[in-house]
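A short worksheet on the structure shown next.
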Amino acid sequence: VVCYNVLIDGFSKRGETNEAVRIWDRMFEDHCVPSLVTYNSMLNCLYKEGMFDRATEIWHRMVRNGCEPDAFTYSTMIHWLCKQGKVSDAAAIWSLMLKSNCKPDLVAYNALINGFCKDGMVDEGLQVWRMMVEMGCPPSVVTYNVLIKGLCNADKVSHAIDLWQGMGSNGSKPDVITFGILVEGLCKKGYISKAFEVWNEMQNVGCVPNVVAYCSMINGLCKEGRLQEASIIWQQMADRGCKPNAQTYNSLINGLCKESRVSEALKIFQHMTEDCIPTVVTYNTLINGLCVLKRVGEAGRLL
RNA sequence: ACUGCUAACGAGGUAC
């Protein structure tokens with residue numbers, strides 16, 4: 001079984017759904033009995049692709065064969081339903097789980113909370129968070145990251161900060177993702193100096209920014225037209241041996257374009273081609289920047 | 001080491 005499981009999940013992860021299904025069929029031809037992991041992997045594979053009808057067949061087979069769904073089963077379904085905007089279906093699966101013998105675990109809670117938050121239902125997310133505490137399931141840093149992101153997106157930045165500051169007394173330590181989310185959220189609301197406070201606090205507690213965190217800070221500054229400060233952060237990133245990736249370059253290039261400093265942007269672009277591969281976003285950003293300045297000819301030459 | 005949860009970039013769209 002394990003071999004089949006590995007193959008199914010491997011194909012599923014590479015997006016080769018048809019191959020995964022072929023292995024599943026093959027498994028029966030070989031008279032091998034699927035395990036709980038097999039069912040879970042198949043459900044994951046089909047839900048990811050939105051193939052709910054086929055998935056339901058698998059679910060029924062699972063039940064028919066007396067294989068009890070576990071927390072993996074439920075959180076997989078909840079996760080993909082939410083990702084596809086079917087939050088109320090996810091909530092239905094959640095109730096199904098509550099009625100079953102399977103108690104929700106940390107990941108299941110997080111998946112549901114994330115679903116609510118991403119759909120703009122932060123209050124529901126917070127309610128689930130309180131519920132998990134009552135049920136004796138301690139929230140993790142992922143739980144907080146999801147909620148903080150949700151609160152920022154809902155323009156409840158100060159509530160997000162409260163949550164961040166309460167993490168310690170709830171047994172969670174903010175990580176680089178937490179700080180990145182806060183920096184991004186604060187910048188987007190225009191609270192740059194608060195973002196800098198958080199940025200410094202991150203270093204004070206010994207959390208080392210990664211390329212994503214740098215990107216959030218740089219992008220936030222660029223969006224506010226604060227390129228001077230952005231380039232200082234960029235320099236620090238380089239000095240600390242953190243290699244910028246395409247997305248980081250794109251943020252800076254976009255910042256320069258938006259300030260009509262397209263020539264500088266092109267210079268950065270030259271530099272970029274030496275240590276990473278420009279993406280379609282890079283070209284769109286530059287072309288747009290050039291076109292806005294009526295430098296259409298140069299824009300054409302980029303193609 | 002068989003399966004499930006979290007963060008960053010462009011453009012477009014946002015008339016009534």
Side-chain angles (χ1 to χ4, degrees), chain A residues 1-10 12-13 20 23 34-45 47-48 69-83 90 93 97 102 104-118 125 128 132 139-150 152-153 172 174-185 187-188 209-223 244-255 257-258 265 272 276 278-289 291-292:
Chain A
V1 221
V2 174
C3 292
Y4 292 99
N5 292 348
V6 170
L7 285 170
I8 288 173
D9 190 54
S12 163
K13 288 218 159 55
I23 302 292
S35 67
L36 176 58
V37 173
T38 321
Y39 289 115
N40 287 346
S41 302
M42 279 307 292
L43 288 172
N44 186 36
C45 181
Y47 264 74
K48 179 168 33 164
D70 67 356
F72 277 65
T73 321
Y74 290 107
S75 48
T76 299
M77 294 191 288
I78 291 169
H79 174 251
W80 290 114
L81 286 169
C82 289
K83 273 256 148 70
I93 298 290
M97 169 166 53
C102 171
D105 68 357
L106 175 64
V107 174
Y109 279 110
N110 288 346
L112 182 65
I113 294 174
N114 190 37
F116 280 134
C117 287
K118 286 273 150 50
V128 176
M132 74 193 284
S140 67
V141 60
V142 173
T143 319
Y144 287 101
N145 290 346
V146 165
L147 286 167
I148 289 171
K149 174 92 180 156
C152 287
N153 286 343
S172 293
D175 63 8
V176 64
I177 298 183
T178 321
F179 287 107
I181 293 170
L182 282 165
V183 164
E184 185 204 352
C187 286
K188 287 202 168 137
N210 61 13
V211 66
V212 178
Y214 277 111
C215 189
S216 301
M217 190 74 234
I218 290 167
N219 189 41
L221 290 167
C222 285
K223 282 271 161 59
N245 60 17
Q247 210 157 315
T248 331
Y249 274 107
N250 292 346
S251 294
L252 186 60
I253 289 174
N254 185 42
C257 287
K258 286 292 177 309
M272 174 180 188
C276 71
T279 64
V280 59
V281 175
T282 317
Y283 289 102
N284 286 343
T285 307
L286 284 167
I287 290 168
N288 183 57
C291 288
V292 167

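Since the structure is predicted, the reported quantities are computational estimates derived from the model, not experimental observations. Each chain gets a letter, A, B and so on, in the order the sequences are listed, and its residues count up from 1.
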Exercise. On a plain distance test, is the side chain of A:Asn254 in donor-acceptor contact with the base of B:A11 below 3.5 Å?
Worked result: no
Exercise. Counting any heavy atom closer than 4.0 Å, what does A:Val212 reach on the DNA or RNA strands: base, sugar-phosphate only, or nothing?
Worked result: base
Exercise. In whole angstrom, what separates A:Lys118's NZ from B:U6's C1'?
Worked result: 7 Å
Problem set entry | Heavy-atom donor-acceptor pair, A:Lys48 side chain to A:Ser12 backbone, under 3.5 Å | yes
For this session: Please work out if A:Asp175 contacts a base, only the sugar-phosphate, or nothing of the nucleic acid, heavy-atom cut-off 4.0 Å.
Result: nothing
Exercise. On a plain distance test, is the side chain of A:Asn245 in donor-acceptor contact with the base of B:A8 below 3.5 Å?
Worked result: yes
Exercise. So, does the side chain of A:Asp70 form a donor-acceptor pair with the base of B:G4 at under 3.5 Å?
Worked result: no
Exercise. Side-chain donor-acceptor pair under 3.5 Å between A:Thr178 and A:Asn145, yes or no?
Worked result: yes
Seminar exercise, completed: Rounded to whole Å, the CD1-P distance (A:Ile287 to B:A11) equals 13 Å
For this session: For B:A8, take OP1 and OP2 only and decide whether either is under 4.0 Å from a side-chain N or O of A:Lys149.
Result: yes
Problem set entry | Separation of atom CG in A:Asn219 from atom C1' in B:A11, rounded to whole Å | 15 Å
For this session: Figure out the CG/P separation between A:Leu252 and B:A8, and round it to whole Å.
Result: 19 Å
Exercise. Base, sugar-phosphate alone, or nothing: which one does A:Val6 contact when heavy atoms must sit under 4.0 Å apart?
Worked result: sugar-phosphate
Exercise. Tell me: CD1 of A:Ile148 to P of B:A7, nearest whole Å?
Worked result: 13 Å
Problem set entry | Any donor-acceptor N or O pair under 3.5 Å, side chains A:Ser251, A:Asn254 | no
Exercise. Would you say A:Lys223 reaches B:A8's phosphate, i.e. side-chain N/O to OP1/OP2 under 4.0 Å?
Worked result: no
Exercise. Rounded to whole angstroms, how far apart are CG on A:Asn5 and C1' on B:G4?
Worked result: 14 Å
Exercise. Counting any heavy atom closer than 4.0 Å, what does A:Ala71 reach on the DNA or RNA strands: base, sugar-phosphate only, or nothing?
Worked result: base
For this session: With the side chain of A:Val142 defined as its heavy atoms from C-beta on, choose the nearest nucleotide among B:U6, B:C9, B:C2.
Result: B:U6
Problem set entry | Residue A:Cys215, side-chain atoms from C-beta onward, closest of B:C9, B:A8, B:G4 | B:A8
For this session: Kindly indicate whether the side chain of A:Ser75 and the base of B:G4 share any N or O donor-acceptor pair separated by less than 3.5 Å?
Result: yes
Exercise. NA contact type, A:Asn210, heavy-atom cut-off 4.0 Å: base, sugar-phosphate, or nothing?
Worked result: base
For this session: Determine the contact category for A:Lys258: base if any of its heavy atoms lies under 4.0 Å from a base atom, sugar-phosphate if only primed atoms, P, OP1 or OP2 are that close, otherwise nothing.
Result: sugar-phosphate
Exercise. Quick one: is A:Lys48 getting a side-chain N or O under 4.0 Å of the B:U3 phosphate, OP1 or OP2?
Worked result: no
Exercise. Can you check the A:Asn288 CG to B:G13 P distance for me, whole Å?
Worked result: 11 Å
Exercise. Taking OP1 and OP2 of B:C2, is either one under 4.0 Å from a side-chain nitrogen or oxygen of A:Lys13?
Worked result: no
For this session: Send over the distance from A:Phe72 CZ to B:U3 P, rounded to a whole Å.
Result: 8 Å
Seminar exercise, completed: When A:Ile287, A:Val281, A:Thr282 are each screened for side-chain contact (heavy atoms from CB on, under 4.5 Å) with A:Thr285, the one that passes is A:Val281
